[in-house]
There are 2 protein chains.
Amino acid sequence: MLAPSTRPVVLDPHGAGNACAHCDARSHSVCNAVPDSDIARLAAIATVSHAQPGTTLIQEGDPATHFFNISAGTVRMYKLLPDGRRQITGFAGMGHFLGLAVSDTYAFSAEAIDTVRYCRFSRARVRTLLDDYPAMEKRLLEVASTELVAAQDQMLLLGRKTARERLASFLMTQSRQGVFCHGTRAQFVLPMSRGDIADYLGLTIETVSRTFTKLRSEGFIDIPSATEITIRAPVALEGMATGMG
Amino acid sequence: MLAPSTRPVVLDPHGAGNACAHCDARSHSVCNAVPDSDIARLAAIATVSHAQPGTTLIQEGDPATHFFNISAGTVRMYKLLPDGRRQITGFAGMGHFLGLAVSDTYAFSAEAIDTVRYCRFSRARVRTLLDDYPAMEKRLLEVASTELVAAQDQMLLLGRKTARERLASFLMTQSRQGVFCHGTRAQFVLPMSRGDIADYLGLTIETVSRTFTKLRSEGFIDIPSATEITIRAPVALEGMATGMG
DNA sequence: CGCCGTCATTGATCCAGATCAACGCCGGAC
DNA sequence: GTCCGGCGTTGATCTGGATCAATGACGGCG
């Protein structure tokens with residue numbers, strides 16, 4: 001056993017090392033509920049991994065053995081019907097926490113869209129950690145509540161909005177949360193394909209493509225390349241997104 | 001001040017009295033995280049109320065000052081678009097907990113469908129209570145996680161299922177959670193109107209009605225009255241609900 | 001009892017978005 | 001370079017469910 005020090009060095013057999021202390025995503029994630037002084041405890045149960053585009057992180061129905069925390073890249077969460085119809089329930093980016101579930105199996109699948117860096121935590125060990133850090137449990141409840149609100153918004157979108165309104169909503173959300181170019185929120189990159197957007201918005205690829213084209217021809221947006229969007233009329237789009245356009 | 005006793009009698013000015021100790025809904029709700037011995041503390045911060053059909057319990061956008069716990073009856077939660085389009089995000093029955101939100105305003109509205117009995121708790125007081133009963137915080141996280149899973153299922157329904165599949169899903173859920181007649185799960189009452197069902201499933205009243213009629217003419221269900229349903233072919237309906245029919 | 005308002009059902013028609021079908025663009029393999 | 005495969009766009013057509021329009025079934029109330 002090493003002598004105690006103010007910030008113990010932890011040698012992690014899984015390769016996480018002291019990763020948590022220097023993790024860019026920590027301040028964006030539930031991990032910030034663990035104080036600096038105890039960060040090594042968090043690092044000790046974390047395994048840092050990478051996933052290439054298209055890799056499955058979570059398979060719906062598999063035993064829910066781990067939690068995941070995304071530290072870079074974007075993940076799509078989705079559910080399938082037996083004939084292949086897919087509904088993407090959300091995209092998870094930096095700081096996003098995955099795997100909340102009461103059931104002992106995962107309720108959805110998750111795949112890397114681009115190259116993803118993530119931490120994996122065993123559920124059993126996280127449970128132990130939660131007993132010592134009630135603040136983390138509170139943070140998880142916050143996260144779950146926030147996601148619940150987002151899910152309700154998405155239900156309104158899927159149940160009652162037109163294709164145009166869905167795309168406008170999607171673009172406004174992306175411009176708030178997305179990956180930015182040139183330091184401005186008005187221009188950003190879409191890491192996901194048209195097919196992903198369609199399956200997220202309950203539409204087809206063709207309708208997504210046509211609606212993008214229409215919004216461009218009307219001057220609301222610009223599409224420098226298939227993966228880049230510039231918002232030209234944020235106020236008008238916001239109105240459209242909320243059903244007033 | 002009264003002398004201490006093993007089970008103090010609490011005189012509640014709001015009329016809750018010792019209500020929690022005898023509450024039918026307690027075992028179905030987050031309140032069961034508070035032990036019997038301390039139930040008076042819970043009762044002290046609860047206000048029992050009744051709401052007539054159509055009454056608004058929660059108005060979207062209002063300051064989120066209270067939590068609610070439904071002890072009898074059914075509530076509809078919903079969101080509106082400015083032009084009146086409505087999406088019902090869920091129905092809350094006995095034991096259901098309402099008002100989880102990080103934001104300081106409610107993210108949805110809630111109305112009584114039939115006569116509803118409920119408890120109201122000030123958020124600030126619940127927060128204090130949570131600090132003393134971590135088990136209750138855990139229960140809330142469980143509740144939120146369960147609802148998140150249900151919300152993801154509903155997104156799949158709204159985004160990708162046909163009208164027929166939506167109705168079948170709805171009926172199977174109701175037959176699991178609903179109000180039963182004659183002690184069998186195969187026959188139950190629908191407390192909500194066709195309009196509510198339509199706004200829950202992202203359809204119109206007419207499509208709901210036509211699809212019910214079709215399912216009846218095909219022998220999958222019986223409709224003794226507009227508010228009663230008998231499941232005749234549960235296996236076939238379950239298959240239909242999961243996209244295999 | 002009969003009137004009336006609300007809700008559900010049913011029928012006729014319409015249309016937003018799905019489906020079917022090319023075609024263009026770009027990037028990676030060789 | 002050019003071949004090839006995946007993705008995105010665009011056009012033509014189709015269709016499930018929406019919309020428009022009656023009509024029927026209750027239940028509450030005077």
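Every value quoted in this text rests on a predicted model; they were computed, and no experiment measured them.
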State the CD-OG1 distance between A/Q59 and A/T105, to the nearest 0.5 angstrom.
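Result: 11.5 Å between the selected atoms.
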Nearest-Å distance for atom pair [atom1]/[atom2], residues [X] and [N]:
X      : N      : atom1 : atom2 : result
A/I197 : D/dC7  : CD1   : P     : 13 Å
B/E206 : D/dT23 : CD    : C1'   : 14 Å
B/R164 : D/dG16 : CZ    : P     : 12 Å
A/L190 : D/dC7  : CG    : P     : 16 Å
B/I205 : D/dA18 : CD1   : P     : 11 Å
A/L215 : D/dT9  : CG    : C1'   : 15 Å
A/R160 : D/dG17 : CZ    : P     : 13 Å
B/D199 : D/dG17 : CG    : P     : 17 Å

Here's a test of your reading of the structure: between B/V208 and A/T207, which maps to the more 5' nucleotide of DNA chain D?
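It is A/T207, whose closest nucleotide lies nearer the 5' terminus.
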Do B/Y200 and B/F91 have ring centroids that are under 6.0 Å from one another?
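So the answer is yes for these two rings.
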Tell me if the aromatic rings of B/F68 and B/Y118 count as close, with their centers under 6.0 Å from one another.
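Ring centres of B/Y118 and B/F68 closer than 6.0 Å.
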Boundaries of the chain B footprint along DNA chain C (any atom under 4.0 Å from a heavy atom)
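For DNA chain C, the relevant span reads C/dA8 to C/dA12.
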Any donor-acceptor pair under 3.5 Å from B/S29 side chain to B/G95 backbone
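Here the side-chain-to-backbone pair does not exist.
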Which nucleotide, D/dG8, D/dT10, D/dG17, lies nearest any side-chain atom of B/T162?
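Comparing D/dG8, D/dT10, D/dG17 against the side chain of B/T162, the answer is D/dG17.
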Salt bridge [X]-[Y], side-chain N to carboxylate O under 4.0 Å:
X      : Y      : answer
B/D222 : B/R216 : no
B/K79  : B/D199 : no
B/R210 : B/E206 : no

Base D/dG11 to side chain A/R210, donor-acceptor N/O within 3.5 Å cut-off:
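Pair found.
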At under 4.0 Å between heavy atoms, what does A/S193 touch on the DNA or RNA strands: base, sugar-phosphate, or nothing?
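The residue A/S193 makes sugar-phosphate contact but no base contact.
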